[in-house]
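Notes follow once the structure below has been shown.
Chain letters run A, B, ... following the sequence lines, proteins first, then strands; residues in each count from 1. Only a predicted model underlies this, so the values are computations on that prediction, with no experimental measurement involved.
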There are 2 protein chains.
Amino acid sequence: MSTSQLDLKMIDCPALFTIQLISGKWKTRILWHLRSGAAGFGELKRALPGISPKVLTQHLDALVSDGLLARSQWNEANVIHSAYDYTDYGRTLIPVLDALGNWSANQRAAVQ
Amino acid sequence: MSTSQLDLKMIDCPALFTIQLISGKWKTRILWHLRSGAAGFGELKRALPGISPKVLTQHLDALVSDGLLARSQWNEANVIHSAYDYTDYGRTLIPVLDALGNWSANQRAAVQ
DNA sequence: CAGAATCCTTATGGATACTG
DNA sequence: CAGTATCCATAAGGATTCTG
């Protein structure tokens, strides 16, 4: 499911590469949530009501494998904890996400 | 399949609204192609090798129904012609598409 | 807690033939 | 030319149970 490979299509349409990284029912919401700081698996799950652990894992794995997020883990009283956070690379995407968000906010404002 | 309805998720994550408009295997490429001007059904089909007429119709219908594109048609020697072009609303999305494209171009440049 | 495993439903896309 | 109609394949997502 990794989208890190380039493709002829993406040379014709560079926007496609970026889109593929952030497409998926929950990816944008994960990335959006992490803008305010790292979060563990459970926190993300709570922040995204309705997502199943399998799907959350799938999306996180894709984001990690595409280099946008990094995962860390540690033990506390014999219990595993994890944290997902932007990589430096992933962080460069935030202004782009903001552009997407601002556009939609402007559209909504214009309608009202 | 219209994504024009707002949703609670999109208030938490405004970027999601924009993403939904341009997600789909060919949507970005259609929008990218039309940046250089309107195009008919056949031209788009040729510009997107591998797309089937059904799927092209689906994507165009979605883009029109979401208000990003407009469709016009006319007759010439008893043969139907069509043209798809940005609406004024859709055109406001072009800078956002450019942001997506520029980001991917920068990443590719950085890798090399 | 953080997932892996399994099974299942739905959404998306595709090939092809046909029509006004 | 510009699609529709039909049938089909795969991908994406989801519910649930289980494990270190």
Side-chain angles (χ1 to χ4, degrees), chain A residues 1-5 7 9 13 16 19-31 33-34 38-66 69-85, chain B residues 1-5 7 9 13 16 19-31 33-34 38-66 69-85:
Chain A
M1 187 173 169
S2 171
T3 46
S4 26
Q5 295 312 309
D7 196 321
K9 298 187 298 292
C13 177
L16 189 57
I19 285 286
Q20 312 238 95
L21 294 183
I22 59 185
S23 282
K25 184 160 179 187
W26 305 90
K27 274 193 196 173
T28 329
R29 295 177 70 190
I30 293 171
L31 292 172
H33 185 86
L34 293 180
F41 190 88
E43 176 183 340
L44 284 169
K45 190 154 164 29
R46 281 186 298 277
L48 305 172
I51 198 171
S52 74
K54 194 202 73 169
V55 171
L56 179 53
T57 301
Q58 279 177 353
H59 283 85
L60 288 172
D61 284 353
L63 291 167
V64 168
S65 123
D66 283 331
L69 299 184
R71 174 183 187 278
S72 55
Q73 77 174 51
W74 67 95
N75 269 25
E76 225 172 83
N78 227 25
V79 172
I80 296 178
H81 290 255
S82 71
Y84 292 88
D85 198 2
Chain B
M1 187 173 169
S2 170
T3 46
S4 27
Q5 296 311 310
D7 195 319
K9 298 186 297 293
C13 177
L16 188 57
I19 285 286
Q20 312 238 95
L21 295 183
I22 59 186
S23 282
K25 185 162 179 185
W26 307 89
K27 274 194 196 173
T28 329
R29 294 177 69 190
I30 293 171
L31 293 172
H33 185 86
L34 293 179
F41 190 89
E43 176 183 339
L44 283 169
K45 191 155 160 30
R46 281 188 298 278
L48 305 172
I51 198 171
S52 73
K54 193 203 74 170
V55 172
L56 179 52
T57 301
Q58 279 177 355
H59 283 86
L60 287 173
D61 285 354
L63 292 167
V64 168
S65 124
D66 283 332
L69 299 184
R71 174 183 186 276
S72 55
Q73 78 173 53
W74 67 96
N75 270 27
E76 227 173 81
N78 227 24
V79 172
I80 296 179
H81 290 255
S82 70
Y84 292 87
D85 198 4

Sugar-phosphate only, base, or nothing, as touched by B:K45 at under 4.0 Å among non-hydrogen atoms: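 Counting heavy atoms under 4.0 Å across all strands, no contact is made by B:K45.
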Sugar-phosphate only, base, or nothing, as touched by B:S82 at under 4.0 Å among non-hydrogen atoms: sugar-phosphate
Rounding to an integer number of Å, can you tell me how far [X] [atom1] sits from [N] [atom2]?
| X | N | atom1 | atom2 | answer |
| --- | --- | --- | --- | --- |
| A:L63 | D:dA12 | CG | P | 14 Å |
| B:L60 | D:dC1 | CG | P | 16 Å |
| A:H59 | C:dA2 | NE2 | C1' | 18 Å |
| B:Q58 | D:dA2 | CD | P | 19 Å |
| B:I80 | D:dC1 | CD1 | P | 12 Å |
| B:Q73 | D:dG3 | CD | P | 7 Å |
| B:K54 | D:dT6 | NZ | P | 12 Å |
| B:K25 | D:dA12 | NZ | C1' | 13 Å |

Residue of the set B:L63, B:L16, B:D66, B:L31 for which side-chain contact (heavy atoms from CB on, under 4.5 Å) holds with B:L21: B:D66
Output the single nucleotide from [options] whose closest atom is nearest the side chain of [X].
| X | options | answer |
| --- | --- | --- |
| A:V79 | C:dC1, C:dG14, D:dG13 | C:dC1 |
| A:W26 | C:dA2, D:dT4, D:dG14 | D:dG14 |
| A:R71 | C:dA2, D:dG3, D:dG13 | C:dA2 |
| B:P53 | D:dG3, D:dG14, C:dG3 | D:dG3 |

Quick one: does [X]'s side chain get under 4.5 Å of [Y]'s, heavy atoms only?
| X | Y | result |
| --- | --- | --- |
| A:N75 | A:I80 | yes |
| B:I51 | B:L44 | no |
| A:L56 | A:F41 | yes |
| A:S65 | A:D61 | no |

